[in-house]
Amino acid sequence: MRILFFITIVAFTLRGDSTDVKESIDYYKIGAIGGVTAGAFIYGHAIQNDIWWKDEKTDFFFNWQQDWSYAYGADKLGHLYFPWLASSLYGELFQWSGMKKNDAFLWSGIVALSYQTYVELRDGFSPCCGFSWGDMIFNTIGAAFPLAKANWPALSGVSFKISYYPSERFKNNSHKVIIDDYESTYHWLTVNINDYLAEENKSFWFDFINAGIGHGVKNLDTPAPYHEIFLAIDLNLNAIKWDFIGWKILQKAFSFYRIPSPAIRLSPDFALFGLKF
């Protein structure tokens with residue numbers, strides 16, 4: 001997923017305007033997308049195998065016992081975010097290849113959900129994991145969200161972001177990579193306020209400032225884990241126009257990753273952060 005993210009960010013930026021009307025699908029572009037996808041799939045399998053699937057296989061089983069207790073439920077937000085990320089990027093790339101918007105996001109959702117389903121099925125044969133219906137529910141929501149957003153104006157300003165800040169257990173080498181440590185991971189639902197203002201009121205709001213609601217977990221290795229809830233400023237770089245390729249890459253990357261900015265922690269206690277990562 002990491003290599004797919006960076007490849008598709010650059011490809012999206014270099015592709016030109018995906019909103020241009022195309023007369024037909026360009027199958028050379030579809031082939032290029034397919035090649036990137038195959039490489040990302042192989043790479044993703046290798047990473048998953050190294051982290052989770054090296055143990056002996058077992059008979060296929062459903063993980064009912066730990067489905068909602070693992071990572072205190074924070075993993076479900078991860079299972080929403082990554083299919084949404086992939087579906088969003090593929091939707092733009094499929095439009096670039098000539099697909100109509102609805103078709104592009106339909107097929108992008110299918111691609112994203114297919115990979116996540118493969119992972120869940122493979123987990124079903126792994127002693128450490130098992131097939132998770134909870135994961136599949138959130139995988140499906142994430143993969144379908146770009147299509148829903150394209151068709152329902154009420155969702156036009158809603159997006160998801162992620163951010164990372166090393167936890168104490170990660171600093172003590174609990175995980176090889178930070179994205180596997182849920183105490184270091186924060187998931188955000190962001191709202192573009194400007195999208196919901198009447199035209200005559202837009203001038204009263206800074207269009208580069210969005211609102212964000214964040215979630216994290218702590219104390220996962222103790223008998224008393226807890227959730228964290230944040231209310232934060234979310235910076236919208238897409239509102240700042242600059243016709244420079246490096247800036248466009250940053251704009252696209254930070255439409256999925258939250259830039260550190262001021263925040264308030266609402267739970268489990270009140271705290272102010274000048275910069276919340």
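For clarity, every value in this text was computed on a predicted model and none was experimentally measured.
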- Task: Go through Tyr81 and Leu85 one step at a time and tell me if the side-chain contact (heavy atoms from CB on, under 4.5 Å) criterion holds.
- Result: CA-CA 6 Å; Tyr81 174 81; Leu85 166 65; 4.2 Å; yes
- Asn238 and Ser255: side-chain contact (heavy atoms from CB on, under 4.5 Å), yes or no, with the steps? CA-CA 8 Å; Asn238 291 318; Ser255 63; 3.8 Å; yes
- Message: Would Asp234 and Ser261 count as a side-chain contact (heavy atoms from CB on, under 4.5 Å) here? Give the steps.
- Response: CA-CA 7 Å; Asp234 178 57; Ser261 58; 5.7 Å; no
- Message: Let's go through Phe230 and Ile264 carefully: what are the C-alpha distance in whole Å and the side-chain angles of both, what is the deciding distance for side-chain contact (heavy atoms from CB on, under 4.5 Å) to 0.1 Å, and is it a yes or a no?
- Response: CA-CA 6 Å; Phe230 300 89; Ile264 301 169; over 6 Å; no
- Evaluate ring pair (Phe, Tyr, Trp, His ring centres under 6.0 Å) for Phe131 paired with Phe125, printing each intermediate quantity in order. CA-CA 8 Å; Phe131 183 95; Phe125 292 99; over 10 Å; no
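Side-chain atoms of Asp26 come within 3.5 Å of backbone N or O of Lys29 as a donor-acceptor pair. Side chain of Tyr186 to main chain of Arg258: no donor-acceptor pair is present (N/O by atom type, distance under 3.5 Å, no hydrogens or angles). Without hydrogens or angle criteria, Trp96 side chain to Gly91 main chain gives no donor-acceptor distance under 3.5 Å. Not a single donor-acceptor pair under 3.5 Å links the side chain of His215 to the backbone N or O of Ile229. Between the Asn63 side chain and the Cys129 main chain, a donor and an acceptor come within less than 3.5 Å of each other. Without hydrogens or angle criteria, Glu183 side chain to Phe170 main chain gives no donor-acceptor distance under 3.5 Å. Judged purely by atom type and a 3.5 angstrom limit, Glu120 has no side-chain atom pairing as donor or acceptor with the backbone of Trp133.
Pro268 and Glu228 make their closest contact through CD-CG, 4.1 Å (heavy atoms, listed as atom of the first residue, atom of the second, distance). Scanning both residues, Phe256 and Trp84, for their nearest heavy atoms gives CD2-CZ3, 3.3 Å. When all heavy atoms are compared, the tightest approach of Ala112 to Ala86 is CB-CB, 4.0 Å. Residues Thr58 and Pro127 share a closest heavy-atom pair of CG2-N, 3.9 Å. Taking every heavy atom of both residues into account, Asp243 and Lys248 meet most closely at OD1-NZ, 3.0 Å. Counting all heavy atoms, side chain and backbone alike, Ala211 lies closest to Ile193 at CB-CD1, 4.1 Å.
Every residue two or more places apart in sequence or in another chain was checked for a ring pair (Phe, Tyr, Trp, His ring centres under 6.0 Å) with Tyr182, and none qualifies. Residues that satisfy the side chain to side chain contact (heavy atoms under 4.5 Å, CB included) test with Phe206, not counting sequence neighbours, are Phe208, Ile209. Residues meeting the ring pair (Phe, Tyr, Trp, His ring centres under 6.0 Å) test with Tyr72, sequence neighbours left out: His227.
In this structure, Ile25 is a member of the same hydrophobic cluster as Ile110, with clusters built from ILVMFWY side-chain heavy atoms closer than 4.5 Å. Ile42 and Phe82 fall into different hydrophobic clusters, where Ile, Leu, Val, Met, Phe, Trp and Tyr are joined by side-chain heavy atoms under 4.5 Å apart, directly or via other members. Following chains of ILVMFWY side-chain contacts shorter than 4.5 Å, one can reach Ile178 starting from Phe254, so the two form part of one hydrophobic cluster. A continuous path of ILVMFWY side-chain contacts below 4.5 Å connects Val111 to Ile30, so both sit in one hydrophobic cluster. Under the 4.5 Å side-chain heavy-atom criterion for ILVMFWY residues, no single connected hydrophobic cluster contains both Phe273 and Leu231.
Using a cutoff of 4.0 Å between basic side-chain nitrogens and carboxylate oxygens, Arg265 and Asp269 are scored as salt-bridged. Using a 4.0 Å cut-off between a side-chain N of Lys or Arg and a carboxylate O of Asp or Glu, Asp67 and Lys76 qualify as a salt bridge.
For residues 103-114, the set of pairs meeting the side chain to side chain donor-acceptor pair (under 3.5 Å) definition, not counting sequence neighbours, comprises Ser87-Ser108. Here side chain to side chain donor-acceptor pair (under 3.5 Å) pairs that include residues 187-202, with residues two or more places apart or in two chains, are Ser163-Trp188.
The NZ atom of Lys252 lies 12.5 Å from the CG atom of Leu250; values are rounded to the nearest 0.5 Å. Considering CG of Asn219 and CD of Glu168, their distance stands at 11.0 Å, rounded to 0.5 Å. The OG atom of Ser184 lies 7.5 Å from the CZ atom of Arg169; values are rounded to the nearest 0.5 Å. Put simply, OH on Tyr28 and CD1 on Ile33 are 15.0 Å apart, with the number rounded to the nearest 0.5 Å. Atom OH of residue Tyr70 and atom CG of residue Leu220 lie 9.0 Å apart, to the nearest 0.5 angstrom. Here the CG-CD1 distance, from Leu275 to Ile259, works out to 11.0 Å after rounding to the nearest 0.5 Å.
You'll find the side chain of Phe204 stays beyond 4.5 Å of the side chain of Leu197, heavy atoms only. You'll find the side chain of Leu237 reaches within 4.5 Å of the side chain of Trp247, heavy atoms only. Taking the side chain as every heavy atom from C-beta outward, Leu155 and Trp152 approach each other to under 4.5 Å. Between Ile213 and Val191 there is no side-chain heavy-atom pair separated by less than 4.5 Å. Looking at heavy atoms from C-beta onward, Pro262 lies out of side-chain contact with Lys276 at the 4.5 angstrom threshold. For the pair Ile179/Thr185, no side-chain contact is recorded, criterion being any heavy-atom separation below 4.5 Å from C-beta on. The shortest side-chain heavy-atom distance between Tyr164 and Phe277 does not fall under the 4.5 Å cut-off. For the pair Leu121/Asp123, no side-chain contact is recorded, criterion being any heavy-atom separation below 4.5 Å from C-beta on.
A perpendicular orientation is assigned to the rings of Phe62 and Phe60, their planes being inclined by more than 60° (bins at 30° and 60°).
Remark: Lys101 NZ is loosely packed, at most 12 non-hydrogen atoms of other residues, nucleotides or ligands lying under 6.0 Å away. Within a 6.0 Å sphere centred on CZ of Phe61, other residues, nucleotides and ligands contribute more than 12 heavy atoms. Heavy-atom contacts from other residues, nucleotides or ligands closer than 6.0 Å to CH2 of Trp68 number more than 12. For CG of Asp59, the number of neighbouring non-hydrogen atoms (other residues, nucleotides, ligands) closer than 6.0 Å is 12 at most.
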Contacts under 3.5 angstrom, residues 136-150 side chains, donor-acceptor by atom type, not counting sequence neighbours:
{"unit_1": "Asn139", "atom_1": "OD1", "unit_2": "His79", "atom_2": "ND1", "d": "3.0"}
{"unit_1": "Asn139", "atom_1": "OD1", "unit_2": "Gln116", "atom_2": "NE2", "d": "3.3"}
{"unit_1": "Asn139", "atom_1": "ND2", "unit_2": "Asp135", "atom_2": "O", "d": "3.1"}
{"unit_1": "Thr140", "atom_1": "OG1", "unit_2": "Met136", "atom_2": "O", "d": "2.8"}
{"unit_1": "Lys149", "atom_1": "NZ", "unit_2": "Val158", "atom_2": "O", "d": "2.9"}
{"unit_1": "Lys149", "atom_1": "NZ", "unit_2": "Ser159", "atom_2": "OG", "d": "2.9"}

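Side chain to side chain, Asp207 and Asn236 fail the donor-acceptor criterion of an N or O pair below 3.5 Å. Side-chain contact check for Thr37 and Tyr90: at least one donor-acceptor pair (N or O, by modelled atom type) lies under 3.5 Å.
For Phe94 and Phe105, the gap between ring centers reaches or exceeds 6.0 Å.
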